[in-house]
Chemist: 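Could you have a look at this structure, given as structure tokens, before my questions?
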Amino acid sequence: MVTKSKLKMALAAEKGIDFSKLKQQKKSKEAAKRKASKEQNGEDESDLDQPGETAEDNEMNLDAIYESDTSESSIELEKKLPRKPKTTTQTLASDVADEVEEEEEDDDDEEIPVSDLEDLEEEEKEDIVPHTRLTINNTSALLAALERISIPTDKSAPFASHQSIVSATETSESIPDVSDDLQRELAFYSQCLEAVRLGRSRLISEGVPFSRPKDYFAEMVKEDAHMEKIKAKLVEEASAKKAAAEARKLRDLKKFGKQVQVSKLQERQKAKREVLDKIKTLKRKRQEHSSDVGTKEADIFDVSVDNEIAKHSQRSGSTRQQSGARAPNAKRQKKNEKYGFGGKKRHAKSGDAVSSGDLSRFNVKRMKSKAARPGKSRRKAAALK
Amino acid sequence: MAAVYKSLSKSGNEKPESSSNGVKKNKQRVLILSSRGVTYRHRHLLNDIASLLPHSRKDAKFDSKSRLGELNELAELYNCNNVLFFEARKGKDLYVWLSKVPNGPTVKFHLQNLHTMEELHFTGNCLKGSRPILSFDAAFETQPHLRVIKELFLHTFGVPQGARKSKPFIDHVMGFTIADGKIWIRNYQISEVEQSKVKVDDEDISEQAATGKSKNTDINLVEIGPRFVLTPLVIQEGSFGGPIIYENREFVSPNQIRADIRRAKAARHNARTEQTVGRLSKKSDLGLRSNGNRRAKDELDKSALFA
């Protein structure tokens with residue numbers, strides 16, 4: 001189909017030039033040129049394009065030769081397509097208008113560009129609500145651009161060359177509310193998980209190494225210091241949670257502890273009462289039996305009463321210190337409370353070494369604070385005087 | 001002449017199949033750079049992205065915001081065919097440009113909900129330069145402009161096979177999802193864990209080891225970061241130039257939003273002051289204010305009658 005010398009063909013093959021595509025490009029270029037010549041203003045520029053293009057072609061061929069010497073990592077840039085130079089915003093606006101006209105079938109809603117409004121009569125103008133923003137969606141241009149840059153991702157190309165997977169279902173369907181973080185992230189996660197499952201099986205079937213062996217160490221995206229920070233953060237969070245739980249437990253215990261204390265006191269009171277009752281009954285019994293001749297020695301010497309008292313004192317007064325000062329009887333206690341208990345009363349309020357050394361009630365703030373500043377009106381009144 | 005011969009002989013024995021069946025080799029290089037006036041978070045995001053892309057070339061801040069066409073020359077200088085450009089405006093709004101260098105197209109996004117890897121305390125991690133699996137939402141195939149955007153993502157965020165600094169294993173996945181008219185981007189680590197509940201016999205284990213142990217492992221994902229959301233604004237046909245072939249009409253610029261909020265606040269204040277003025281004038285009309293105009297004396301007023 002293409003008649004060229006062998007050398008040129010080989011160079012083209014090296015560069016990966018598709019002749020049919022080139023032809024197409026040329027055709028489109030010519031069409032563009034024709035259009036430009038119609039518009040008058042683009043004439044000289046399009047003329048300038050032509051020689052520049054051939055020079056560029058030569059350059060590109062040379063580039064191809066150089067490229068063969070450089071490393072594999074070099075990138076083959078696409079051939080630059082000529083573009084109509086656009087200097088003023090007016091031409092842009094006209095371009096936009098043109099496209100809108102071209103794409104009338106795309107724009108289903110009745111949008112009227114502002115530029116068209118000038119032609120209308122006054123009375124018609126009143127009825128139309130102008131939209132300053134035009135809908136631009138030039139589908140054919142988009143598809144052409146896509147065609148130009150697309151790399152094959154279908155069945156023909158090996159999966160390892162692109163590693164992209166399009167999910168089977170639209171993820172937005174599983175997100176009822178975008179502002180619901182949990183649901184949204186779950187949808188993203190499941191989309192990625194599905195892709196990974198599929199991609200993994202395809203990569204393994206293509207014989208591409210997937211999982212990293214345990215002994216393969218290399219630089220990671222997050223370096224060790226960063227991971228250490230993350231770990232510290234996690235630990236801190238966990239410990240904070242634990243401390244909070246402990247504090248709550250203590251608080252609950254404190255609340256519960258008061259109840260326990262009250263109940264314990266009541267129990268003690270009850271036990272005491274019981275013991276006293278028992279003693280009373282024993283005493284009564286003894287008095288009844290005192291007339292009898294054959295009483296036991298234990299009964300004579302009130303052993304059972306002593307036993308009871310000892311038991312009681314053991315049970316209830318275990319905390320109280322047994323040795324030393326004994327607590328006075330109830331009557332004496334009452335009287336002590338009422339009249340005060342012995343000891344010297346003089347010098348009770350005078351200071352001594354301990355009291356003068358006690359700085360617990362000392363407050364720097366209080367010592368430093370001056371008289372409070374009076375309010376504005378009072379200050380004014382003072383100034384007037 | 002020797003060079004020509006060399007190239008000929010090379011092409012003759014090295015890649016005859018690639019040129020004959022027209023399959024282009026996926027070769028991409030990305031130039032990553034930002035404009036002046038980016039905040040530290042924008043800069044950190046840029047660094048995060050650069051660390052994920054071994055085929056990228058990071059360059060110094062670009063000085064101009066009006067002459068973006070110069071980026072094309074810059075990219076060609078660095079031998080890059082993709083450009084990822086962060087354009088910061090007013091020190092708070094970030095716009096991201098994605099472009100294929102010589103001929104376009106170019107997509108402009110507005111970037112929101114930015115969280116860098118550092119501020120997200122995620123436990124995931126991956127090899128620096130491992131190739132990601134790119135997971136696209138099905139919605140990317142529905143409309144032409146989304147297809148173009150997907151292709152650009154594939155070129156920019158997909159690490160090409162055999163890239164110079166890439167690592168041979170695959171341990172992370174990048175997710176692109178369309179929700180609410182925006183593109184949400186996430187990055188997860190792939191962690192393979194042993195399936196605990198399945199009891200396997202000895203022979204089973206040996207068999208699966210031979211087949212590549214594909215059955216007794218379960219896959220978990222652990223997020224790595226960063227997180228961000230892109231709203232596509234405009235697609236241009238050329239690279240940083242050319243006619244606009246798509247425009248997002250639903251997009252409201254952050255300036256507009258801020259202005260609206262300010263205006264609403266001002267309106268509230270204005271209404272209040274108006275009310276105050278009205279109340280004062282009403283009071284003075286009724287003669288209730290000392291310095292207002294006095295009420296005209298009524299002849300039948302008590303003070304007038306019984307003076």
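Protein chains get the first letters and strands the later ones, always in sequence-line order, with residue 1 at the start of each. A quick note: this is a predicted structure, and the numbers were derived from the prediction, not measured.
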Chemist: Between A:Lys222 and B:Gly124, is there a donor-acceptor pair closer than 3.5 Å when you use the side chain of the first and the backbone of the second?
Modeler: yes

Chemist: Less than 4.5 Å to any heavy atom of chain A: does that hold for the side chain of B:Pro160, its backbone, both, or neither?
Modeler: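 For B:Pro160, there is no contact with chain A at all, as no heavy atom is under 4.5 Å.
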
Chemist: Do the non-hydrogen side-chain atoms of A:Glu170 and B:Thr142 ever get within less than 4.5 Å of each other?
Modeler: yes

Chemist: Which bit of A:Ile175 is near chain B, if near means a heavy-atom gap under 4.5 Å: side chain, backbone, both or neither?
Modeler: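 Only the side chain of A:Ile175 comes within 4.5 Å of chain B.
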
Chemist: Can you confirm whether A:Arg148 sits close enough to B:Pro105 that some side-chain heavy atom of one is under 4.5 Å from a side-chain heavy atom of the other?
Modeler: yes

Chemist: Side chain, backbone, both or neither: which part of A:Lys233 has an atom under 4.5 Å from a heavy atom of chain B?
Modeler: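 Contact with chain B is through the side chain of A:Lys233 alone.
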
Chemist: Give a yes or no on this: more than 12 heavy atoms of other residues, nucleotides or ligands lie within 6.0 Å of atom CZ of A:Arg202.
Modeler: yes

Chemist: Mind ranking A:Ala195, A:Ser164, A:Ser172 by heavy-atom pairs under 4.5 Å with chain B and telling me who comes out on top?
Modeler: A:Ser164

Chemist: Is the count of non-hydrogen atoms from other residues, nucleotides or ligands lying under 6.0 Å from B:Leu77 atom CG greater than 12?
Modeler: yes

Chemist: Would you say A:Asn137 and B:Glu247 make side-chain contact, with heavy atoms under 4.5 Å?
Modeler: no

Chemist: With respect to chain B, which residue among A:Leu143, A:Thr169, A:Leu146 yields the maximal number of heavy-atom pairs within a distance under 4.5 Å?
Modeler: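 Looking at each of A:Leu143, A:Thr169, A:Leu146 in turn, A:Leu146 comes out on top.
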
Chemist: What I'd like to find out is whether the side chain of A:Val221 reaches to under 4.5 Å of the side chain of B:Leu127, using heavy atoms alone.
Modeler: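 No; the side chains remain at least 4.5 Å from each other.
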
Chemist: What closest approach, in Å, do B:Asp137 and A:Gln191 show between heavy atoms, and which atom pair accounts for it?
Modeler: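 So the two residues come closest at N-NE2, 3.4 Å.
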
Chemist: Within a strict 4.5 Å, meaning less than it, do heavy atoms of the A:Leu142 and B:Tyr246 side chains meet?
Modeler: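 Yes; the side chains approach each other to less than 4.5 Å.
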
Chemist: Test side chain to side chain contact (heavy atoms under 4.5 Å, CB included) on A:Arg184 and B:Trp184 and set out the steps.
Modeler: CA-CA 10 Å; A:Arg184 190 189 61 218; B:Trp184 304 67; 3.6 Å; yes

Chemist: As a quick check of understanding, evaluate side chain to side chain donor-acceptor pair (under 3.5 Å) for A:Ser150 and B:Glu151, giving each step before the final call.
Modeler: CA-CA 6 Å; A:Ser150 67; B:Glu151 197 66 34; 5.0 Å; no

Chemist: Measure across B:Gly175 and A:Cys192 and return the closest heavy-atom pair with its distance rounded to 0.1 Å.
Modeler: CA-SG, 3.5 Å

Chemist: Decide yes or no on salt bridge (charged side-chain N to carboxylate O under 4.0 Å, His left out) for B:Lys128 and A:Glu223, but give the supporting numbers first.
Modeler: CA-CA 10 Å; B:Lys128 195 169 190 166; A:Glu223 60 269 29; over 6 Å; no

Chemist: Specify the closest pair of heavy atoms between B:Ala138 and A:Val166, including all atoms of both residues, with the distance to one decimal.
Modeler: CA-CG1, 3.8 Å

Chemist: Give a yes or no on whether the ring-centroid distance for A:Phe210 and B:Phe169 is below 6.0 angstrom.
Modeler: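 Centroid distance A:Phe210-B:Phe169: not below 6.0 Å, so no.
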
Chemist: Decide salt bridge (charged side-chain N to carboxylate O under 4.0 Å, His left out) for A:Glu185 and B:Arg227; before the verdict, give the C-alpha distance in whole Å, the side-chain angles of both, and the deciding distance to 0.1 Å.
Modeler: CA-CA 11 Å; A:Glu185 295 302 325; B:Arg227 281 180 171 186; 3.3 Å; yes

Chemist: What are the two closest non-hydrogen atoms of B:Asn26 and A:Ser161, and how far apart are they?
Modeler: ND2-O, 3.1 Å

Chemist: To the nearest 0.5 Å, how far apart are CZ in A:Arg212 and OG in B:Ser191?
Modeler: 11.5 Å

Chemist: NZ of B:Lys100 to CD1 of A:Ile149: how many Å apart, nearest 0.5 Å?
Modeler: 6.0 Å

Chemist: Does atom CG (A:Asp224) have a neighbourhood of more than 12 heavy atoms from anything else shown, all under 6.0 Å?
Modeler: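 Counting neighbours around CG of A:Asp224, 12 or fewer heavy atoms of other residues, nucleotides or ligands fall under 6.0 Å, so no.
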
Chemist: Counting only non-hydrogen atoms closer than 4.5 Å, does B:Glu118 touch chain A with its backbone (N, CA, C, O), its side chain (CB onward), both, or neither?
Modeler: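 Both the backbone and the side chain of B:Glu118 come within 4.5 Å of chain A.
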
Chemist: Can you tell which of B:Gln143, B:Lys167, B:Glu141 has the highest number of heavy-atom pairs within less than 4.5 Å of chain A?
Modeler: B:Lys167

Chemist: Can you name the nearest heavy-atom pair linking B:Ile245 to A:Ile136, along with the distance?
Modeler: C-CG2, 3.8 Å

Chemist: So which of B:Gly129, B:Pro168, B:Ala163 has the biggest tally of heavy-atom pairs under 4.5 Å with chain A?
Modeler: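 Top count of heavy-atom pairs under 4.5 Å with chain A: B:Pro168.
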
Chemist: Determine the option with the most heavy-atom pairs under 4.5 angstrom with chain A, choosing from B:His145, B:Lys182, B:His155.
Modeler: B:His155

Chemist: To the nearest 0.5 Å, tell me how far B:Ile133 CD1 sits from A:His162 NE2.
Modeler: 11.0 Å

Chemist: Hey, does B:Ile170 have a side-chain heavy atom less than 4.5 Å from the side chain of A:Val208?
Modeler: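 With C-beta onward as the side chain, the pair touches.
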
Chemist: Checking heavy atoms, do the side chain of B:Phe140, its backbone, both or neither come under 4.5 Å from chain A?
Modeler: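 B:Phe140 has no heavy atom closer than 4.5 Å to chain A.
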
Chemist: Any idea which of B:Leu221, B:Asn220, B:Val148, B:Val173 has the most non-hydrogen atom pairs under 4.5 angstrom with chain A?
Modeler: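 Counting heavy-atom pairs under 4.5 Å, the top option is B:Leu221.
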
Chemist: Non-hydrogen atoms of chain A under 4.5 Å away: do they reach the side chain of B:Arg131, the backbone, both or neither?
Modeler: both

Chemist: With respect to chain A, which residue among B:Gly225, B:Ala179, B:Pro132 yields the maximal number of heavy-atom pairs within a distance under 4.5 Å?
Modeler: B:Pro132

Chemist: Answer with side chain, backbone, both or neither: which region of A:Ser201 has an atom nearer than 4.5 Å to a non-hydrogen atom of chain B?
Modeler: neither

Chemist: Indicate yes or no: does A:Arg197 engage B:Asp218 in a salt bridge with an N to O separation below 4.0 Å.
Modeler: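 Between B:Asp218 and A:Arg197 there is a salt bridge, with a charged N closer than 4.0 Å to a carboxylate O.
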
Chemist: Within this structure, what is the OG-CD distance for the pair B:Ser51 and A:Glu219, rounded to the nearest 0.5 Å?
Modeler: 9.0 Å

Chemist: Can you measure from OG (A:Ser167) to CZ (B:Phe176) and round to the nearest 0.5 angstrom?
Modeler: 13.0 Å

Chemist: Counting only non-hydrogen atoms closer than 4.5 Å, does A:Ala187 touch chain B with its backbone (N, CA, C, O), its side chain (CB onward), both, or neither?
Modeler: neither

Chemist: Quick check on the interface: out of B:Ile178, B:Leu154, B:Ile235, B:Asp171, who has the most heavy-atom pairs with chain A under 4.5 Å?
Modeler: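 Highest number of pairs under 4.5 Å: B:Leu154.
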
Chemist: Need one label for A:Leu234: side chain, backbone, both or neither, based on atoms under 4.5 Å from any heavy atom in chain B.
Modeler: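 The side chain, not the backbone.
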
Chemist: Please classify the contact of B:Phe122 with chain A as side chain, backbone, both or neither, using a heavy-atom distance under 4.5 Å.
Modeler: both

Chemist: Rounded to the nearest 0.5 Å, what separation is found between the NE2 atom of A:His226 and the CE atom of B:Met117?
Modeler: 8.0 Å

Chemist: Any side-chain heavy-atom pair from B:Gln161 and A:Gln163 closer than 4.5 angstrom?
Modeler: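 SC-SC contact between B:Gln161 and A:Gln163 ruled out.
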
